[in-house]
Asks: 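Mind looking over this structure? Questions follow.
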Amino acid sequence: MSAAPHPRELLLIGGGGEMTLSVDVAVQALEQARARGLRTHVTNRADTLAATPAVTAAADAATAVDFARPGDTADWAAGRAADGERPALVFGVREMAQEAVAATAHALELPGNPPAAVRRIRTKDACRAALAAAGFRQPAVRVCRDASEARAFLAATAGPWVVKPRDGADSAGVRKVTGPDDLPAALAQLPDREAPFLVEEFVDGGEFSVEGVFVGGSPRVLAVTAKEKLPPPYFVEIGHVLPADLPEETRRSVEETVTAALTALELRFGLFHVELWLTAEGIVLGEVHVRIGGGWIHRMLPHVRPGLELYGTVYDDALGLPVDLPASLPAPERAAAARYFAPPEGRVTAVTGWDAVRTHPAVLHAELRVGPGDVVPGFRSGGDRVGAVVVGAATPAEARELARELVASVHFTMEPVDAVDAGDDVPEVRVDLEPRPLTSSFRISHMTIETVDHLRLRLLRGGRTVGEGEITADSGYGQDGPAIAAEAEALARTLAAARDDAHHGADGGDPVAPLRAALEKAAADGVGAPARMLVEMAFLDRAARRAGVPVWRLLGLPEPGRVRLLHTVPIGEDIPLDGRPLKIKLGGADDEQILRSLLGVPAPLILDANRGWDRQDWERLRPLLAELSPAVLEDPVRDPALLPAIRAALPGTAVVLDEGIATAGDAAFAVGTAGGLNVKLMRFGGILPALDALTDATEKGAARMLGCFLEPPRAIAYAAQLAGLCDWSDLDGHFWVSDDRPVPSYGLDSDAPGIPRIAYTPEPARGEAPAI
């Protein structure tokens with residue numbers, strides 16, 4: 001007897017987020033699939049699956065797969081399909097999961113949006129460029145890497161302007177600026193301050209969104225929603241009314257514009273939510289999304305269009321079932337409105353009026369997530385919302401007024417909270433790991449590096465990043481990415497939970513001293529240096545943001561000047577002859593040939609043998625080295641007993657040790673035997689122990705180099721705060737890890753509190769070689 005066929009399956013990628021709205025959306029999507037006889041399988045990050053039991057309970061199966069890696073999700077799904085577990089359709093309800101949804105549908109040859117089209121709309125400046133090229137009105141916009149680029153855009157355009165993340169949701173990090181003086185505060189609110197961000201012209205007009213579904217690859221508009229936002233500088237939505245109370249001619253013009261834009265953007269599957277402004281000059285399109293709008297719109301739409309199943313319509317269309325939805329729908333005959341609570345900052349001592357609101361007969365949904373004792377941090381993004389009321393009524397005006405009245409009838413009694421205490425609720429800790437290929441191979445004496453593990457640790461409050469660390473790990477150096485991530489996450493959770501002394505600055509009000517003590521204990525307990533550095537970065541970033549200063553100022557360091565770089569030349573690469581200090585990697589079979597090629601090079605030479613020479617090598621190469629007289633000789637020999645002879649033979653050369661120099665004792669050994677050291681934060685465990693080593697070396701008159709591994713720009717900028725204490729800065733490792741173009745020098749942009757950003761402003765001094 002043959003086995004029973006498997007039921008058709010819906011693969012819901014990304015599940016639901018931890019907010020109640022996101023959970024409600026995901027559960028509805030699963031329920032409407034089950035009503036059609038579909039088996040349901042949810043994927044999500046492991047921690048979010050554990051935090052959203054209502055979603056996993058509504059599904060038939062759940063698997064931990066990180067949707068932030070679209071290729072991994074597609075490969076996982078393809079592997080299941082090869083084993084006979086092939087879904088009938090792939091779907092997602094979360095903004096951040098849409099690229100994984102598209103990639104997976106494409107890999108399985110199932111209905112979906114083209115992956116390139118989804119990437120385009122998820123990158124806001126790319127979406128603006130595509131819409132402008134198709135003839136739609138768009139504000140001027142620029143992708144900026146630092147404050148100097150943002151100021152240049154402000155100087156070249158008419159204000160006001162809006163600063164926002166290049167990729168984000170819930171209005172997190174979106175802020176209006178009226179001039180250069182507003183930029184530092186705006187940049188400080190960005191969720192990821194190392195990522196490129198957008199500055200665009202502010203659009204003055206009423207804000208709306210269009211909600212709809214694709215049927216047969218064509219967009220069908222279900223309703224136009226009116227938005228109400230808090231006054232600038234933030235752009236957080238405080239209420240929605242559906243349908244928007246617009247003249248018929250305007251409504252049709254909006255619908256026609258949006259459907260034409262969706263077609264031009266090559267979108268064809270699922271749901272859509274398109275934002276726009278109605279201005280004196282006409283319709284200006286905003287962000288485009290291939291998911292339903294937030295703000296409980298998924299509850300409002302079925303109320304104003306009875307019988308509508310949002311997700312069921314998508315499933316029916318994808319499965320070839322009939323969908324009764326004409327190309328042009330009449331305006332809804334009834335209305336709904338949502339409004340959010342926005343109590344002032346402070347600690348809640350009492351709430352009155354809530355019971356009457358939640359039992360009101362017109363309420364479609366109501367929630368309140370704060371009560372006596374809870375701290376309200378303010379209302380700067382969607383993640384700060386503490387509750388909402390959704391109502392139904394006969395007309396848009398009645399729905400709007402009723403929602404306002406019900407929210408206003410709930411009274412919050414508040415008391416002020418000390419600013420430090422308000423910012424010290426135990427933060428959520430999140431660590432992400434992603435393998436990343438280098439932009440080009442990097443060869444040194446004992447290995448060639450092709451890929452590194454990128455690790456990012458974030459401290460989150462209400463969905464906002466309040467502290468962040470970022471490093472990379474390479475197994476060739478004995479750096480185990482997954483092990484570092486696990487160590488860092490455990491240490492960060494311990495520090496985050498230790499609210500008293502570890503975060504309140506109990507030691508004379510100094511926020512750094514307790515952190516230093518906690519990290520020194522972690523080192524004594526065996527926590528590895530890379531994990532300590534990652535945690536140190538996040539917590540110092542957090543402390544500096546709260547203090548409103550850059551990290552270097554928090555630590556009492558001098559303001560960093562321009563960082564002039566050594567130009568690192570891996571083994572096997574051509575040696576540039578443009579006058580810059582060259583760091584030449586040696587320690588291989590071709591060392592003699594390389595050294596001969598350097599004779600007559602008009603640039604300071606830093607030679608790094610990575611402990612590659614024995615006594616025989618040294619004696620063979622000594623005449624060439626004496627003739628070259630390098631400025632620095634780094635880790636020349638395996639046997640430290642040879643160092644006195646080397647120093648005597650090369651009196652004008654600074655000899656520094658690097659490999660194995662990771663503690664205060666190691667640093668003292670390097671200073672005593674070689675007369676110099678190369679300090680790498682990833683070896684020492686962060687900026688605090690590295691600062692101690694450099695201070696001691698300075699007092700003893702030793703040569704000091706500041707080095708790095710192949711690290712991301714954020715980690716390089718973090719280390720560069722110490723560049724003023726060193727003779728040489730070997731801080732160009734990010735050019736192999738990121739898309740940043742190699743330059744001979746850079747500055748640090750400390751306009752925003754926390755860890756500075758690298759600023760690629762032109763070199764003011766004359767005679768510097770051009771960027772390569």
Asks: Could you go through residues 400-409 and list every donor-acceptor pair under 3.5 Å that involves a side-chain atom there, pairing it with any protein atom two or more places apart or in another chain?
Replies:
from: Arg404; atom 1: NH2; to: Glu228; atom 2: OE1; distance (Å): 3.0
from: Ser409; atom 1: OG; to: Leu406; atom 2: O; distance (Å): 2.7

Asks: Evaluate the side-chain proximity of Asn44 to Arg94: yes if any heavy-atom separation is below 4.5 Å, no if none is.
Replies: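 SC-SC contact between Arg94 and Asn44 confirmed.
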
Asks: Contact between Val162 and Val177 at the side-chain level, heavy atoms closer than 4.5 Å - yes or no?
Replies: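 Val162 does not reach Val177 side chain to side chain.
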
Asks: Would you compute the distance between atom CG of Leu540 and atom CE of Met533 and round it to the nearest 0.5 angstrom?
Replies: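 One finds 11.0 Å between CG of Leu540 and CE of Met533.
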
Asks: Heavy-atom distance under 4.5 Å between the side chains of Val512 and Leu555, does that happen here?
Replies: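 Yes, their side chains come closer than 4.5 Å.
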
Asks: Provide the full list of side chain to side chain donor-acceptor pair (under 3.5 Å) pairs with a residue in residues 350-359, sequence neighbours left out, each pair given once.
Replies: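 Sorted pair list: Asp355-Arg358.
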
Asks: Suppose we screen for side chain to side chain contact (heavy atoms under 4.5 Å, CB included). Which residues come up paired with Ala531, at least two apart in sequence or across chains?
Replies: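 With neighbours one apart ignored, the set is Ile484, Glu487, Ala488, Val527.
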
Asks: Taking the side chain from Tyr340 and the backbone from Val389, do they hold a donor-acceptor pair closer than 3.5 Å?
Replies: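 Here the side-chain-to-backbone pair does not exist.
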
Asks: Is it possible for you to check whether Arg45 lies under 6.0 Å from the centre of the six-membered ring of Phe67, through NZ or CZ, and within 45° of that ring's axis?
Replies: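 Verdict for Phe67: a cation-pi partner in Arg45.
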
Asks: Phe197 ring centre to Lys164 NZ or CZ under 6.0 Å, with the angle to the axis within 45°?
Replies: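 Pair Lys164/Phe197 does not count as cation-pi.
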
Asks: What's the spacing between Gln98 CD and Ile13 CD1 if we round to 0.5 Å?
Replies: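 Here the interatomic distance stands at 9.0 Å.
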
Asks: Could you tell me whether a side-chain N or O of Ser22 sits under 3.5 Å from a main-chain N or O of Met19, the two making a donor and an acceptor?
Replies: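 Checking the backbone N and O of Met19 against the side chain of Ser22, no donor-acceptor pair under 3.5 Å is found.
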
Asks: Evaluate the side-chain proximity of Phe91 to Val314: yes if any heavy-atom separation is below 4.5 Å, no if none is.
Replies: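 SC-SC contact between Val314 and Phe91 confirmed.
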
Asks: Can you tell me how far OG of Ser209 sits from CG of Leu242, rounded to the nearest 0.5 angstrom?
Replies: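 So the CG of Leu242 and the OG of Ser209 are separated by 7.5 Å.
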
Asks: Can a salt bridge be assigned to the pair Asp541 and Arg546 using a cut-off of 4.0 Å between side-chain N and carboxylate O?
Replies: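 Looking at Asp541 and Arg546, the cut-off is not met.
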
Asks: According to side chain to side chain contact (heavy atoms under 4.5 Å, CB included), who are the partners of Ala64, at least two apart in sequence or on a separate chain?
Replies: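 Expected list: Ala46, Leu49.
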
Asks: Which pairs with one or both residues in residues 26-36 pass side chain to side chain donor-acceptor pair (under 3.5 Å), sequence neighbours excluded?
Replies: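 Those involving residues 26-36 are Arg34-Asp60, Arg36-Glu309, Arg36-Asp316.
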
Asks: Quick one: pull up CD in Glu489 and OG1 in Thr494 and give me the separation to the nearest 0.5 Å.
Replies: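 Separation between the atoms: 10.5 Å.
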
Asks: Backbone N or O of Arg291 within a donor-acceptor pair of the His289 side chain at under 3.5 Å?
Replies: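 No.
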
Asks: Report yes or no: do Glu470 and His454 form a side-chain donor-acceptor pair below 3.5 Å?
Replies: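 The answer is yes; a qualifying pair exists.
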
Asks: Has Asp182 got a side-chain atom pairing as donor or acceptor with Thr178's backbone, closer than 3.5 angstrom?
Replies: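 Checking the backbone N and O of Thr178 against the side chain of Asp182, a donor-acceptor pair under 3.5 Å is found.
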
Asks: Would you compute the distance between atom CG of Leu38 and atom CG of Leu10 and round it to the nearest 0.5 angstrom?
Replies: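 Output value for this atom pair is 6.0 Å.
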
Asks: Taking Arg493 for the side chain and Val429 for the main chain, is one N or O donor matched with an acceptor at less than 3.5 Å?
Replies: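 Yes; at least one donor-acceptor contact below 3.5 Å.
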
Asks: Is Arg516 paired with Glu536 through a side-chain N to carboxylate O contact shorter than 4.0 Å?
Replies: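 No, no charged N to carboxylate O under 4.0 Å.
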
Asks: Would you please name every residue forming a side chain to side chain contact (heavy atoms under 4.5 Å, CB included) with Arg458, sequence neighbours left out?
Replies: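 Once residues adjacent in sequence are excluded, the partners of Arg458 under the side chain to side chain contact (heavy atoms under 4.5 Å, CB included) criterion are Arg430, Asp432, Arg456, Leu460, Thr465, Glu468.
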
Asks: What distance do Glu428 atom CD and Leu459 atom CG have between them, rounded to the nearest 0.5 Å?
Replies: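 Those atoms lie 9.5 Å apart.
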
